[in-house]
Amino acid sequence: MESEKIKFTFLSADGTRQQVVGAAGETVMEVAYANGIEGITAECGGSMSCGTCHVYLDETTFAQAEAPSENEVDMLDIVSSERRPTSRLSCQIKLSAALSGAEVTIPETQF
Amino acid sequence: MATQLDPAAIPVGCPMHAAGERFQPFEHDGMFEQLAEYRKDVPIFYAPQIDYWVVSRREDVISVLRDHERFSASVATQAVVPWPPELLQFLADNGFTNESVQVACDPPRHSRVRSHVQGFLNPKKLQSFEAEVRQLVQSYVEAMKGKDTVDLVDALTYELPAMTAFLLLGVKDIDPRRIKAWTELRVKLMHGFPTREEQMSAGDDLLDFWRFSCDLVEQRKQNPGDDYPSWLLASRGGDDEKLTENELKSLVFALLLAAHETTSNASANIILELLRRPDDWAALVADPSLIPNAVEEGFRFCSSVVSWRRVAKEDFELGGVSLPAGTKLLLSLASASRDESVHENGDVFDIRRKNARSHLAFGNGIHFCMGAPIARMQVRMMLEELTKAFPDMSLVNDDPVEIVGVLTFRGPSRLPVRLYA
Ligand code: HEM
Ligand code: FES
C-alpha cells in the first residue's frame with residue numbers, strides 16, 4: 001500500500017521554521033530524527049521512558065489529533081520545559097490527516 | 001568505501017592496526033586518554049583480543065543504538081569468554097532456565113516485554129519511592145557520623161543501591177551483600193575474563209541466585225504487594241501470549257543485577273571525581289542547587305557502564321569503513337559522552353557544564369535505561385546528604401584508589417575518605 005505523505009512544520013525555539021514530509025503512521029519524533037531536526041532529543045527512541053521528545057502542537061492540530069494516552073499524560077508531568085495545554089510527546093503522535101499543515105513547536109530545552 | 005574490511009588485512013603500521021594492538025579491553029587504567037586518541041584518529045578499529053570492533057565517536061554510537069533494525073542487541077550480555085559446555089549442562093540439569101528477555105532482545109519480543117515492564121519502571125512510579133530512598137540514604141550517612149575515616153564504597157555506595165532495588169522488588173530481611181556477591185559473579189561471567197576454573201566453580205552460586213529470583217516470584221503469587229514482581233504477575237494475567245512465567249522470572253533475575261551494580265559503581269566514580277577537586281566539593285556544600293547538574297556531569301564524565309554491545313544483522317558502513325553482517329561492535333559510551341563535537345573540552349570535568357545531560361550513560365534508543373530516574377535520584381541524594389553531613393570531607397590522599405573493571409563496567413573497589421577537617 002502506498003502510504004500517504006503528510007507535510008507539516010517544525011518551529012524551533014530560536015524561531016527557525018523547517019517544513020518536513022513524513023508518511024502516515026510514522027511518529028513526529030521519527031520524522032524529526034530522520035530530518036536532523038535539533039531540539040527533540042528523544043533519548044529513549046519512542047519507548048516513553050525519557051520525556052525528552054516534548055513538543056507543543058498548534059491548537060487546531062491538538063484538537064484534531066488523537067488524544068494522548070493516560071501513560072503519555074503521566075509522562076508529561078515530568079517534562080522539563082513548561083507544560084502547556086497543547087503539550088505532547090512527539091514519539092506518541094502518529095502522522096495522519098490531522099497532522100497535515102500542523103505547526104509543531106520545539107521547547108527551549110528537553111532537560 | 002566499497003570493499004569490506006577483513007581484520008586480518010589491516011596492515012601493521014596502519015593506525016587502525018596499532019589501536020587494536022594497544023587496546024586493553026579489561027584494563028581501565030589510562031582508558032580515557034586512549035579513547036581520546038581513538039576518537040580523533042581511528043573512530044572504529046578491530047580489537048583482536050575480544051573479536052569486537054570498537055566505536056568511539058558519539059555520532060556513530062548513537063546511529064548504531066538507534067538503528068535496531070540493522071543492529072541487534074542479542075550480544076549485549078553474551079559471555080565474552082564462552083561458558084564451558086559442562087557448566088551449561090550442569091545449569092540445564094538443575095533448572096536454570098534464565099532467558100534473554102529485554103536488554104539482549106530485539107523487537108518484536110523486546111517491545112512486548114518492555115511494555116509490561118514500563119508499567120512499573122516508569123518515571124512517575126520511580127519518583128514515588130523518593131521518601132523511602134531519602135530515608136535509606138540518611139540512615140547510611142547517619143551510621144558514618146563520628147568516624148574519622150571511612151571507605152565510602154563499604155559504608156555507602158556498595159549497599160545502598162541494592163537496598164533501593166529491594167524497595168522496588170519488595171524484598172525485606174535479606175543481606176544486601178549476598179545479592180552483591182552473586183551479582184559480581186554474574187558480571188564477571190558475562191562481561192569479564194574469567195578462567196575456566198572460575199567459570200566451573202560458579203555453577204552453584206549462579207543456581208542459588210536464579211532460585212532466589214524464582215522464589216521471589218512464587219512468594220508474590222501467594223502474597224502480592226505493590227512491587228515489581230507483583231506488577232508483572234498482574235500485567236501477565238496468567239496469559240503466556242503476553243508474558244510467560246519464565247520470562248517474568250528472568251526479568252526479576254535481570255533487575256536484581258541491573259538495578260544496583262550500575263548505580264554502585266557510578267555513584268562511587270562520581271563522588272571520587274568530586275573529591276579529587278576540593279573546590280567543586282566546596283561549591284556543592286555552599287550551593288546544593290548545583291548538585292543535579294554535577295550529577296549529570298558525573299554521568300557524562302565517569303559513568304559506570306563504559307561500553308555496550310551490538311551485532312550487525314546486515315552489511316554496513318560506519319566511521320568510514322564497510323563491514324559485513326555478523327560484525328560485533330563494542331560501543332564506547334564513555335568515549336561518546338566526551339566527544340568534542342558536542343561537549344567542548346570533553347575531557348574536562350565541569351560541574352557547571354551547560355549541556356552535561358546530553359551524555360550517553362544510559363544508552364539511547366529503544367533499550368534506553370528504564371532505571372535512569374531512580375539512579376539519578378540516588379546519586380543526587382547521596383551528594384545532598386554527604387555535603388550536608390560532611391562539608392569538609394576529603395580523600396585520604398595516601399591511599400590510592402583502584403579502579404576495577406570488566407569489559408563494560410567500571411568503578412572503584414574502595415574509596416577511603418576523611419570525614420572531618
Ligand atoms: C547509574 C546507574 C545506571 C546506569 C549507568 C545504567 C545504564 C544502562 C545502560 C547503558 C543500558 C542499556 C541501554 C541500551 O542498550 O541502549 C541500561 C538498560 C537498562 N537499565 Fe540501566 N543503568 C543504571 C541504573 C539502572 C537502574 C537503577 C535500573 C532499575 C531500577 C535499571 C534498569 C535497566 C533496565 C530494565 C534496562 C533494559 C532496558 C531495555 O533493554 O529495554 N538501570 N541501563
Ligand atoms: S522519545 Fe522518550 S518519551 Fe518520547
Side-chain angles (χ1 to χ4, degrees), chain A residues 3 12-14 20 22-23 25-55 66-83 87-94 106-111, chain B residues 59 62-69 71 73 102-103 106-107 110-128 130 292-293 295-297 299-300 333 337 342 353-377:
Chain A
S3 62
S12 304
D14 67 3
V20 292
E26 275 187 289
T27 67
V28 169
M29 180 278 281
E30 284 163 350
V31 177
Y33 184 71
N35 287 280
I37 303 289
E38 285 185 23
I40 297 184
T41 316
E43 278 178 330
C44 77
S47 48
M48 264 227 272
S49 294
C50 70
T52 64
C53 63
H54 179 204
V55 295
E66 218 173 288
S69 67
E70 204 181 314
N71 286 340
E72 182 182 339
V73 173
D74 278 353
M75 280 295 290
L76 284 166
D77 283 347
I78 61 133
V79 295
S80 289
S81 287
E82 180 200 4
R83 180 178 176 180
S87 280
R88 291 290 310 263
L89 294 180
S90 59
C91 71
Q92 301 301 310
I93 314 172
K94 285 218 167 94
I106 301 169
E108 201 143 320
T109 172
Q110 296 287 358
F111 300 127
Chain B
E59 194 189 345
I62 290 185
S63 76
V64 172
L65 286 174
R66 288 194 89 98
D67 192 350
H68 51 266
E69 306 266 323
F71 298 98
Q102 189 170 19
V103 82
D106 299 322
H110 172 264
S111 337
R112 171 175 59 82
V113 171
R114 183 154 173 144
S115 71
H116 291 280
V117 175
Q118 171 83 20
F120 194 89
L121 294 184
N122 61 65
K124 197 156 189 174
K125 181 74 192 169
L126 291 173
Q127 256 173 19
S128 73
E130 175 118 16
N293 200 63
V295 170
E296 294 307 329
E297 177 66 351
F299 280 132
R300 185 192 74 78
L333 303 179
S337 289
V342 166
R353 184 184 289 276
K354 286 233 160 49
N355 64 352
R357 217 194 122 147
S358 317
H359 54 66
L360 292 189
F362 297 111
N364 195 282
I366 60 166
H367 289 278
F368 185 77
C369 178
M370 303 184 89
I374 202 160
R376 295 187 147 112
M377 182 199 296

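As a basis for the values below, the full set of heavy atoms in this structure was taken, side chains included, without hydrogen atoms, waters or symmetry mates. Reminder, nothing fancy here: chain letters follow the sequence lines and each chain counts from 1.
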Quiz item: About how many Å separate CE of B:M370 and SG of A:C50, when rounded to the nearest 0.5 Å?
Solution: 11.5 Å
Practice problem: Heavy atoms only, distances under 4.5 angstrom: which of B:K124, B:R357, B:Q127 has the most pairs with chain A? Name it, please. | Solution: B:R357
Quiz item: For A:E108, does the CD atom sit with more than 12 other heavy atoms under 6.0 Å from it, leaving out its own atoms?
Solution: no
Quiz item: Can you say whether A:D77 sits under 4.5 Å from chain B via the side chain, the backbone, both, or neither, judging by heavy atoms?
Solution: side chain
Quiz item: Heavy-atom distance under 4.5 Å to chain B: side chain of A:T109, backbone, both or neither?
Solution: neither
Self-check item: Heavy-atom closest contact (A:S49 atom, B:F368 atom, distance)
Solution: CB-CD2, 4.5 Å
Quiz item: Using non-hydrogen atoms only, which part of A:M48 is less than 4.5 Å away from chain B: side chain, backbone, both, or neither?
Solution: both
Self-check item: Heavy-atom closest pair, residues A:S47 and B:G365
Solution: OG-O, 4.4 Å
Quiz item: For A:E72, which residues count as a side chain to side chain donor-acceptor pair (under 3.5 Å) partner, sequence neighbours excluded?
Solution: A:R88
Quiz item: Heavy-atom distance under 4.5 Å to chain A: side chain of B:S111, backbone, both or neither?
Solution: neither
Quiz item: Do any of residues 26-41 of chain A have a heavy atom less than 4.5 Å from a heavy atom of chain B, and if so, which, in residue order?
Solution: A:M29, A:Y33, A:T41
Quiz item: With a cut-off of 6.0 Å (strictly less than), are more than 12 heavy atoms of other residues, nucleotides or ligands near CD of B:Q118?
Solution: yes
Exercise. Against chain A, label B:N122 side chain, backbone, both or neither, depending on which of its atoms sit under 4.5 Å from a heavy atom there.
Key: neither
